[in-house]
Each structure stands twice: as structure tokens, then as C-alpha cells.
Protein chains: 2
Amino acid sequence: MNEFSLIQKYFEKLTPDRDDVELGVGDDCALLIPPSNHAVAVSIDTLVEGIHFFKGVEPEALGHKSLAVGLSDLAAMGAKPAWFTLALTLPEVDENWIKGFSKGLAALANEHDIQLVGGDTTEGPLTISIQVHGFVDQAKAMRRSNAKLGDMIYVSGYLGDAGAALQQQLQQLNDDELNSEDIRYLYQRLERPTPRVIMGQELLGLASSAIDISDGLLVDLEHVLDKSGVGARLNLDNLPLSKTLKKINHKVAQALALHSGDDYELCFIVPPQHYAEIEKRFKGQVTRIGMITDDDGLYYIDDDDNLIELTGIGYEHFAR
Amino acid sequence: MNEFSLIQKYFEKLTPDRDDVELGVGDDCALLIPPSNHAVAVSIDTLVEGIHFFKGVEPEALGHKSLAVGLSDLAAMGAKPAWFTLALTLPEVDENWIKGFSKGLAALANEHDIQLVGGDTTEGPLTISIQVHGFVDQAKAMRRSNAKLGDMIYVSGYLGDAGAALQQQLQQLNDDELNSEDIRYLYQRLERPTPRVIMGQELLGLASSAIDISDGLLVDLEHVLDKSGVGARLNLDNLPLSKTLKKINHKVAQALALHSGDDYELCFIVPPQHYAEIEKRFKGQVTRIGMITDDDGLYYIDDDDNLIELTGIGYEHFAR
């Protein structure tokens with residue numbers, strides 16, 4: 001396994017050198033010094049070839065995305081990134097692949113001042129597990145369980161773009177209206193998501209709950225509703241759609257915004273006293289899409305003023 | 001992936017409920033409260049089916065071993081176990097398998113008061129990554145870089161048993177002298193290694209350096225020598241062999257003790273002022289096998305008083 005441990009060394013030098021790392025890669029354990037008066041937020045995610053990404057995906061984009069997924073979890077808790085570990089299982093040592101992968105990984109790590117402190121590189125089917133560590137004031141951390149009746153529901157950025165890219169790749173998207181720039185934009189959104197790390201930290205003290213949209217708005221928002229014991233009503237006309245998604249069939253675009261994952265935008269819950277501050281501070285970056293209710297589940301109001309339950313409605317139902 | 005997230009919930013309840021876990025499994029991140037005045041020691045390890053274990057290995061033993069590997073890294077640093085995360089990739093949801101795996105994992109977790117605080121369960125080829133977290137006084141932590149000229153080299157327990165089990169499984173061990181109890185003992189050592197967690201903590205302040213023997217004594221000890229910029233001489237007659245290993249060809253047993261991995265015993269380095277204390281405190285549990293020198297590499301003295309370099313000598317060379 002010497003070749004594999006060389007890889008580890010190769011990665012090590014690419015990420016920031018933080019003062020709170022007493023001992024990094026290269027011993028039995030890393031030794032880390034967390035700040036006092038903060039909780040350490042940790043999250044681990046795995047990407048498997050053929051399940052989470054297609055075989056042959058550009059390694060630089062994959063390096064970016066592998067870390068972005070974890071950073072997005074830190075963002076959803078409002079935590080400031082600090083350290084990560086990488087468990088990398090590779091079918092073979094392909095230097096070009098490693099170079100590309102580590103380049104994408106390191107660029108994002110440097111942007112967020114997060115240091116690689118340990119890892120394990122083994123032989124096997126291509127699988128990437130990254131654990132991220134960040135710091136957050138535990139009293140302010142945006143837990144899923146804090147949503148309350150009367151709170152407003154917001155999302156960052158645009159929804160459905162990553163899902164549209166996936167549909168396009170599977171040749172299931174009617175893309176007659178899209179030009180090559182649109183297609184590039186959608187793929188960028190799927191393959192190089194932007195974790196909302198800064199926004200997550202800025203939301204601390206303003207938003208009570210947050211989640212990142214990895215599995216789709218409905219599925220992810222339902223985790224918040226379940227944990228908080230509340231319901232919600234969404235205004236579907238307010239779902240934020242990119243210029244590109246506005247060019248495709250509107251029902252399909254809405255369905256993608258509701259159901260498709262991989263956007264890594266934040267969905268967050270704001271209590272009444274902080275509406276004004278949120279609208280001012282994040283003008284143009286966030287959209288109010290609904291409110292927390294005491295309904296049993298997740299609803300929207302259709303064009304005929306009927307209350308329709310969204311819970312359990314799949315993509316196909318909605319997009320037909 | 002609902003079936004997969006159910007698994008996560010299933011695992012969650014099996015491990016201890018620690019006071020320093022502010023928020024465990026079930027949110028974007030776990031929130032952990034490390035003690036002040038201690039470093040957090042972290043290590044991540046991956047086990048892949050067909051590489052690190054045979055297809056069809058007993059799931060309970062695999063659950064045990066997956067966590068034991070990480071605990072052994074904490075032991076080698078002298079850290080006290082606290083939390084772990086589990087990234088589990090499964091080809092299918094087989095309830096019996098999960099039950100066995102989680103049983104083995106939970107039994108060891110409870111023994112060491114280490115809590116499962118997060119994870120990710122995904123579909124794909126069977127791969128297990130576990131990250132362990134523990135606490136250690138960073139001034140006392142047994143780093144690989146601390147070995148000095150004149151220090152003594154010790155190991156815990158017996159060496160070569162796990163390697164012998166593997167050779168037996170591959171039908172490459174002459175086991176004519178072994179009875180069924182011997183064979184059971186060897187497999188126990190391979191499949192259910194005992195991480196030396198308590199000993200690791202007790203060595204703090206006495207041993208300057210330590211490493212766990214996962215890849216073989218020579219390979220692992222060389223990491224210490226490299227990091228410390230020293231050499232070593234071993235007394236091969238002192239290599240601790242179990243009753244079982246004493247029954248097989250002596251040269252083969254010595255070669256296994258030097259070269260085979262998976263024993264998860266500790267190899268540690270003791271400065272002169274602590275010899276007596278070590279010999280007294282760990283009587284019968286540890287064996288002095290050599291000393292740190294200013295040689296360039298790793299040597300032993302053969303029966304004719306020649307100094308023979310061990311570095312780079314493989315198993316086959318030695319066992320012939």
C-alpha cells in the first residue's frame with residue numbers, strides 16, 4: 001500500500017495550515033485543538049461511483065463536490081469550517097485522476113480555510129467519504145427541531161438546476177429552448193455546487209432552523225417539520241427558478257424545484273421578529289417560499305384556492 | 001434511500017448516551033462538546049470487502065473489527081475514546097447482516113464508552129469507514145516522532161497470530177501441530193482483535209512514542225524510526241509468541257511476528273527513566289524486544305553475532 005500512502009502525503013500539502021492543528025496527517029491520529037465555548041459540528045458523507053456520480057465524471061469537479069457536500073452540512077448548522085478527513089477508496093493509482101481530484105478538493109478547501117488532517121487511502125471500488133468538522137455556538141446552532149408556528153420558510157439561490165442537469169444527462173429533459181450556455185450552467189450547478197457556508201454563519205441568531213437541500217426541497221423540509229412537530233404551506237409561485245429553468249416547461253421546472261436534490265441551497269426558518277432583517281440583509285439572495293403552520297403535513301394552495309397536500313406527491317405526479 | 005436511513009436510526013440507539021454529545025445522529029451535523037485542556041484525537045479507517053476482509057465474514061465479527069481498528073489508533077496515541085461516525089456502503093439492505101454487524105459494533109462501543117454521533121448509509125460495494133474521536137493531553141500524546149537514542153522498544157501481547165490465521169485461511173500454513181482450539185484462537189485474533197485502549201492511556205507519561213501494529217511490526221516500527229530520525233536493533237529471540245505460534249515452525253513464527261499485520265498490539269518506546277515502572281506495571285503484558293540506536297535502519301544480531309539489516313527484508317526471505 002505504499003503507493004496509496006504517497007497519495008495521502010500528496011493531498012496533505014494542498015490544504016491550509018491551521019494553527020489549531022497540533023498534529024496533522026502522518027501519525028496514528030491527528031491532534032486538534034477546538035476553541036473553548038464552541039461546539040464541534042461534524043458530518044460524514046459518502047459518494048459512490050455509479051450511485052452518486054457517473055463513471056468518468058471530471059475528477060476536478062468530483063474533488064470539489066466531495067468536499068462541497070460536507071461544507072453544505074456545516075452551512076446548514078451555521079458552523080465555521082475547520083478540518084476534514086478523507087477516506088478514499090480507489091480501484092487503481094491513476095496519477096492524472098489524483099491530480100485532478102486533489103486540485104478540485106484543494107481549491108474549495110483553501111476558499112473555506114479547512115485543513116485536511118487525516119485520511120485513509122485504500123484499494124477498492126471508487127468511494128469517497130469525507131468528514132468535515134466546524135465550530136458553532138451551540139446555543140445558536142440551527143437545529144432541525146426549532147421551527148415554530150408562524151415562522152417563515154426561506155431558500156437561498158435557485159432550486160431545480162442540478163436536477164435539470166441530471167434529467168438532461170439522462171435524456172429526459174425537453175431542452176429545445178436551452179442554448180449551450182444554459183446547458184453549461186446546469187452542469188456547473190450539478191457538478192460544482194456552491195455550499196452556502198458564509199450565509200449559514202450569517203444566519204446564526206436570525207434563523208431558528210436550517211437544512212441543506214441535498215435530496216430535494218420537499219424531502220428535506222419534511223425532516224424539519226417532523227423534528228419540529230409542525231406543518232407548512234408553500235407558495236409554489238415563489239419557488240426561485242433560474243433564468244435557465246424559466247425557459248423550460250413551467251410545471252416541469254416547479255417539479256424539479258420541489259423534488260430534485262443536489263442543489264445544496266439552504267432552506268431555513270425565520271421567526272417573525274427577524275423577517276425584516278433577513279429581507280434587508282440577504283436581498284436578492286434568498287426567497288420566502290412559505291410559512292410554518294399547525295397543519296399535519298406540507299401543503300400548497302392551487303389556482304382554484306384548494307389546499308393540496310404535497311407530502312407523498314412524487315415528481316412524476318407533479319410534472320405531468 | 002429511506003430504508004438506508006432507517007438503518008442509521010437502528011444503529012443510533014445501540015451505543016452509549018454521553019453527556020458531551022449536545023446533538024447526535026439525525027441533523028445536518030452532530031454537535032460535540034470537547035473538554036477544555038485536551039486535544040481531540042481523530043482517525044479514519046476504511047475496510048473494503050475483498051481487500052480487508054473476505055466476502056461472507058461473520059457480520060458480528062466485522063462490526064467488532066471495524067471499530068477495533070479505530071480504537072487501536074486512539075490507543076496508540078494514548079487517547080480516551082469518546083465519539084465515532086460510521087459511513088456504511090451496502091450492496092443491499094439485509095436485516096440479518098445489519099443486526100449482526102451492529103451487535104458486534106455496539107458491544108465494543110459500550111465496552112469503551114464511545115458513542116455513534118453521525119453517519120451516512122449509502123448503496124454500493126460493501127465498504128465501511130469509521131472515524132473515531134478521543135481526548136488526550138497533547139503534551140503527553142505518544143507521537144511517532146519522539147523516539148530517542150537509548151530508549152527501549154516494547155510490544156504488548158503476542159505477535160503474528162492474526163497473520164497465522166490468514167495464512168491458514170489461504171492454506172499456506174503448515175498446521176499439523178495445531179488442534180481445533182489453536183485454530184479457533186488464531187481466528188479470534190484475526191477477526192476480533194482487542195484494541196489496547198486502556199494500556200494506551202496508562203502509557204501516557206511513561207512511553208514517548210507508540211504505534212499500533214496493523215501492517216506488521218517492521219513496517220509500523222519503521223514509521224516511528226523515520227519520523228524520529230533514529231535506528232533500532234531488535235532481539236528476535238524476545239519476539240512474544242503465543243502458545244499456539246510456538247507450536248509451528250519457529251522461523252515461520254518469527255517471520256509472522258515481524259511481518260504480518262492485523263494484530264493491533266501496541267509497539268511503544270520507553271526512555272531510560274521509565275524502564276522500571278513499565279516492567280513492574282505491565283508485568284506479563286508487555287515484552288521488551290529491542291532498543292533505539294543511531295544506526296541507519298533496523299537491525300538484528302544473528303546467531304553468529306553478525307549485525308543483519310531487517311529493513312527491506314520480506315516475509316518469504318525470512319521464513320525460508
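Order of the sequence lines fixes the chain letters, A, B, ..., with proteins taken first and strands second; residue numbering starts at 1 for each chain.
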CD1 of B/I33 to NE2 of A/H38: how many Å apart, nearest 0.5 Å? 10.5 Å

Counting N and O atoms only, with roles assigned by atom type, does the side chain of A/D28 sit under 3.5 Å from a partner on the main chain of B/M77, one being a donor and the other an acceptor? no

Out of curiosity, B/I44 CD1 to A/Q131 CD, how far, rounded to the nearest 0.5 Å? 6.0 Å

Side chain, backbone, both or neither of B/L74 within contact of chain A (heavy atoms, under 4.5 Å): both

Partners of B/D73 by salt bridge (charged side-chain N to carboxylate O under 4.0 Å, His left out), sequence neighbours excluded? none

Any side chain to side chain donor-acceptor pair (under 3.5 Å) pairs touching residues 205-216 of chain B, not counting sequence neighbours? B/S72-B/D212

Spacing of B/D45 atom CG and A/T85 atom OG1 [to the nearest 0.5 Å]: 10.5 Å

B/I51 versus A/T122: any side-chain heavy-atom pair under 4.5 Å? no

From B/T127 atom OG1 to A/I128 atom CD1, the distance as rounded to the nearest 0.5 Å: 11.5 Å

Are any of the side-chain heavy atoms of A/L31 and B/R143 separated by less than 4.5 Å? yes

Under 3.5 Å: donor-acceptor pair, side chain of B/D27, backbone of A/R144: yes

In terms of heavy-atom pairs under 4.5 Å with chain A, the winner among B/V219, B/T89, B/V48, B/V42 is B/V42

Cut-off 3.5 Å, side chains only: do A/H52 and B/E123 have a donor facing an acceptor? no

